[in-house]
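Keep in mind it's a predicted model, so treat the numbers as computed, not measured. Numbering of residues begins at 1 and proceeds along the displayed sequence.
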Amino acid sequence: MQLRYSFRLYPSVGQRSALARAFGCARVVYNDALRARETARSEGLPFPRTGDLSKALITEAKNTPERAWLGEVSAVVLQQSLRDLDTAYKNFFDGLKGKRPRMGAPRYKSKRDTRQSVRFTANARWSITPGGKLRLPKIGDLMVKWSRSLPSTPSTVTVVKDSAGRYFASFVVETGPEELLPQTTPEVGIDLGLGHFAVLSDGTKIDSPRFLRRAEKRLKKAQRALSRKEKGSKNRDKARVCVARAHARVADARREFHHQLSTRLIRENQAVAVEDLSVKGLARTRLAKSVHDAGWSAFVSMLEYKAARYGRTFVRIGRFEPSSQVCSQCGVKDGPKPLRVRVWTCGACGAVLDRDINAAVNVAKAAGLAVSACGAQVRPGLVPAPRGEAGTHSTPQPATAR
């Protein structure tokens with residue numbers, strides 16, 4: 001499988017100028033190609049091919065006074081910009097055909113975009129020097145902060161400048177079966193939530209760090225400082241970078257938490273099961289900020305690719321599985337319950353169930369994993385309630401189904 005490794009870059013002042021030229025040239029070629037295709041579409045002409053666009057917008061454009069500065073950057077960067085446009089169109093048309101989630105049509109790039117990137121393939125003859133620096137054509141040797149070694153020789157490298165003004169080198173590498181972990185016995189189901197970030201079927205509860213909530217005071221202060229600056233001024237641009245850096249620290253902390261937890265779960269368990277949550281739907285409720293702060297989708301994606309990388313089993317059950325409504329002891333469906341109900345008693349067998357742990361056990365069972373409710377803090381009730389009285393109330397109660 002292919003993996004992406006990112007490392008922090010520290011370019012000099014001259015190298016930053018060279019990277020800015022590369023970003024600008026790639027953006028201009030992208031916009032020129034998009035304009036040519038949109039013009040052909042509006043006039044009813046055939047869709048221009050990538051080869052024709054490359055010849056007209058790169059090779060021939062370098063000989064004109066208006067685009068002579070395209071020769072100051074590597075030609076591979078400009079070619080990759082055209083391939084990025086092809087990918088954008090392919091994703092757009094695949095979305096219309098139902099082959100992938102629908103997305104918008106390609107849009108023009110702005111020089112005021114705070115995130116920019118260029119990609120170098122093997123044809124660009126980039127290399128890693130014996131001294132550990134990244135050598136890029138027409139840019140120079142960039143200092144890299146190597147946090148770990150690459151498992152294989154990378155095929156491409158993408159240089160990214162994010163909104164906080166930081167530079168990163170992103171490598172794409174191939175990994176083989178030599179990274180498979182030894183077989184183990186435990187199998188676990190995971191119930192994701194807001195009170196606890198994750199609850200495991202063995203009874204383990206992992207607290208939610210709430211990185212965004214903890215950083216709100218600092219973020220509000222930086223945002224107020226930005227709002228006071230005059231638009232278009234240098235001070236406003238500096239304040240914007242301060243806000244971006246504050247958000248970047250939150251995102252980095254959340255990503256590190258996801259990586260550490262997902263790696264631990266994959267190493268300690270042979271099979272992992274999670275529920276396919278409707279994050280977009282939950283993000284339209286009053287819990288939107290907390291849902292985005294948790295970052296469930298990124299965490300589940302990490303579990304999925306790490307399971308494939310290390311030879312583990314990953315199962316994603318349907319989002320309509322009534323994991324919070326079914327007793328993990330006897331299997332009786334007791335109906336939906338409001339979120340304020342954290343512990344409930346099964347009306348059939350009288351077992352006292354923790355809502356989250358019961359849901360995690362049901363997730364594992366729905367995935368076909370060999371788990372039981374033995375570690376789920378379940379205790380039998382002294383006097384089981386009659387089946388006819390289970391789940392009934394004298395007054396209507398709000399029901400929130402999961």
Side-chain angles (χ1 to χ4, degrees), residues 2 4 11 14-97 99-100 103-127 134-142 153-161 167-174:
Q2 287 187 335
R4 186 174 294 276
Q15 292 169 346
R16 291 183 183 181
S17 299
L19 286 172
R21 285 195 297 270
F23 294 146
C25 291
R27 182 187 67 251
V28 168
V29 170
Y30 183 95
N31 290 341
D32 288 346
L34 178 58
R35 187 178 299 107
R37 287 183 169 176
E38 289 300 310
T39 301
R41 182 189 62 83
S42 61
E43 296 178 356
L45 300 176
F47 210 59
R49 295 179 298 180
T50 304
D52 299 335
L53 291 176
S54 175
K55 181 179 179 180
L57 302 180
I58 299 178
T59 306
E60 296 178 357
K62 291 180 181 179
N63 299 324
T64 62
E66 296 81 7
R67 293 287 189 267
W69 35 264
L70 290 177
E72 299 178 2
V73 302
S74 173
V76 174
V77 170
L78 308 181
Q79 296 288 347
Q80 292 302 311
S81 184
L82 295 179
R83 290 188 175 90
D84 290 341
L85 180 61
D86 289 341
T87 302
Y89 270 110
K90 181 179 182 301
N91 293 338
F92 170 64
F93 290 128
D94 287 347
L96 296 179
K97 298 175 183 177
K99 296 181 180 179
R100 57 164 297 148
M103 60 186 307
R107 296 180 298 179
Y108 293 103
K109 294 183 178 181
S110 172
K111 65 179 180 180
R112 295 178 178 83
D113 290 341
T114 56
R115 187 186 185 280
Q116 305 180 56
S117 64
V118 290
R119 187 166 67 256
F120 297 85
T121 61
N123 296 333
R125 295 186 176 87
W126 63 272
S127 62
L134 178 62
R135 179 169 295 170
L136 298 177
K138 297 189 178 182
I139 294 178
D141 296 349
L142 285 76
T153 303
S155 58
T156 64
V157 58
T158 304
V159 179
V160 180
K161 180 185 178 183
Y167 293 84
F168 295 90
S170 180
F171 299 91
V172 176
V173 298
E174 294 278 350

### Query
Under the side chain to side chain donor-acceptor pair (under 3.5 Å) criterion, do S170 and R4 qualify, and how do the steps go?
CA-CA 6 Å; S170 180; R4 186 174 294 276; 2.9 Å; yes
Side chains of L82 and V29: closer than 4.5 Å at any heavy-atom pair? yes
When rounded to the nearest 0.5 Å, the distance separating OG1 of T156 from CG of N123 is 11.5 Å
One should read off an interatomic distance between R67 CZ and I58 CD1, to the nearest 0.5 angstrom, of 11.5 Å
_Assess the residue pair D94 and K90 against the criterion (salt bridge (Lys or Arg N to Asp or Glu O under 4.0 Å)); give the C-alpha distance rounded to whole Å, side-chain angles, the decisive distance to 0.1 Å, and a yes or no._
CA-CA 6 Å; D94 287 347; K90 181 179 182 301; 2.9 Å; yes
Value for CG (L136) from CZ (F120), rounded to nearest 0.5 Å, stands at 4.5 Å
inquiry  = If you apply the rule side chain to side chain contact (heavy atoms under 4.5 Å, CB included), what do you find for L78 with K62, and how did you get there?
reply    = CA-CA 12 Å; L78 308 181; K62 291 180 181 179; 4.2 Å; yes
The reported gap from CZ in R119 to OG in S74 (rounded to nearest 0.5 angstrom) is 12.5 Å
Given the options R83, Q79, R49, S54 meets side chain to side chain contact (heavy atoms under 4.5 Å, CB included) only with Q79
Using 4.0 Å as the upper bound for N to carboxylate O, is an ion pair formed by R37 and D86? yes
Go through it in stages, so that I can follow the logic: the residues are V159 and W126, the test is side chain to side chain contact (heavy atoms under 4.5 Å, CB included), and I'd like the CA-CA distance, side-chain angles, deciding distance and then a yes or no.
CA-CA 12 Å; V159 179; W126 63 272; over 6 Å; no
Output for pair (D84 CG, S117 OG), nearest 0.5 Å, gives 7.0 Å
Exercise. According to the interplanar angle, ranging from 0 to 90°, do the rings of F23 and Y167 count as parallel (below 30°), tilted (30 to 60°) or perpendicular (above 60°)?
Worked result: parallel
Take E38 and R41 through the test salt bridge (Lys or Arg N to Asp or Glu O under 4.0 Å) and record every step on the way to the result. CA-CA 5 Å; E38 289 300 310; R41 182 189 62 83; 3.1 Å; yes
### Task
State plainly whether the residues R35 and D32 are in salt-bridge range, i.e. N to O under 4.0 Å.
yes
query: Taking the side chain from N31 and the backbone from K109, do they hold a donor-acceptor pair closer than 3.5 Å?
result: yes
In terms of heavy-atom contacts, L70 and A61 come closest through CD1-CB, 4.1 Å
- Query: Is there a donor-acceptor pair under 3.5 Å between the side chain of N91 and the backbone N or O of A88?
  - Reply: no
Practice item. Just do the salt bridge (Lys or Arg N to Asp or Glu O under 4.0 Å) check on R27 and D113 with the steps written out, would you? Key: CA-CA 10 Å; R27 182 187 67 251; D113 290 341; over 6 Å; no
*asked:* I'd like to know if the side chain of K138 reaches the main chain of G71, judged simply by a donor and an acceptor atom lying under 3.5 Å from each other, with no hydrogens or angles considered.
replied: yes
Scanning both residues in full, the closest heavy-atom pair of P137 with A124 reads CG-O, 3.5 Å
One should read off an interatomic distance between F92 CZ and R100 CZ, to the nearest 0.5 angstrom, of 12.0 Å
Nearest heavy-atom contact between A169 and L134 is CB-CD2, 3.9 Å
When every non-hydrogen atom of P106 is compared with those of L85, the smallest separation belongs to CB-CD1, 4.0 Å
Evaluate the side chain to side chain contact (heavy atoms under 4.5 Å, CB included) criterion for residues Q80 and V118: first the C-alpha distance (whole Å), next the side-chain angles of each, then the deciding distance (0.1 Å), finally the verdict. CA-CA 8 Å; Q80 292 302 311; V118 290; over 6 Å; no
Notebook entry, point to check: Should I139 and L19 be marked as a side chain to side chain contact (heavy atoms under 4.5 Å, CB included) after you check the CA-CA gap, both sets of side-chain angles, and the distance that decides it?
Noted result: CA-CA 7 Å; I139 294 178; L19 286 172; 3.3 Å; yes
In terms of heavy-atom contacts, L53 and P48 come closest through CD2-CB, 3.8 Å
Checking the side chain of W69 only, and the main-chain atoms of E66 only, is there a donor and an acceptor separated by less than 3.5 Å? yes
Closest non-hydrogen contact found for S42 with T39 is OG-O, 2.8 Å
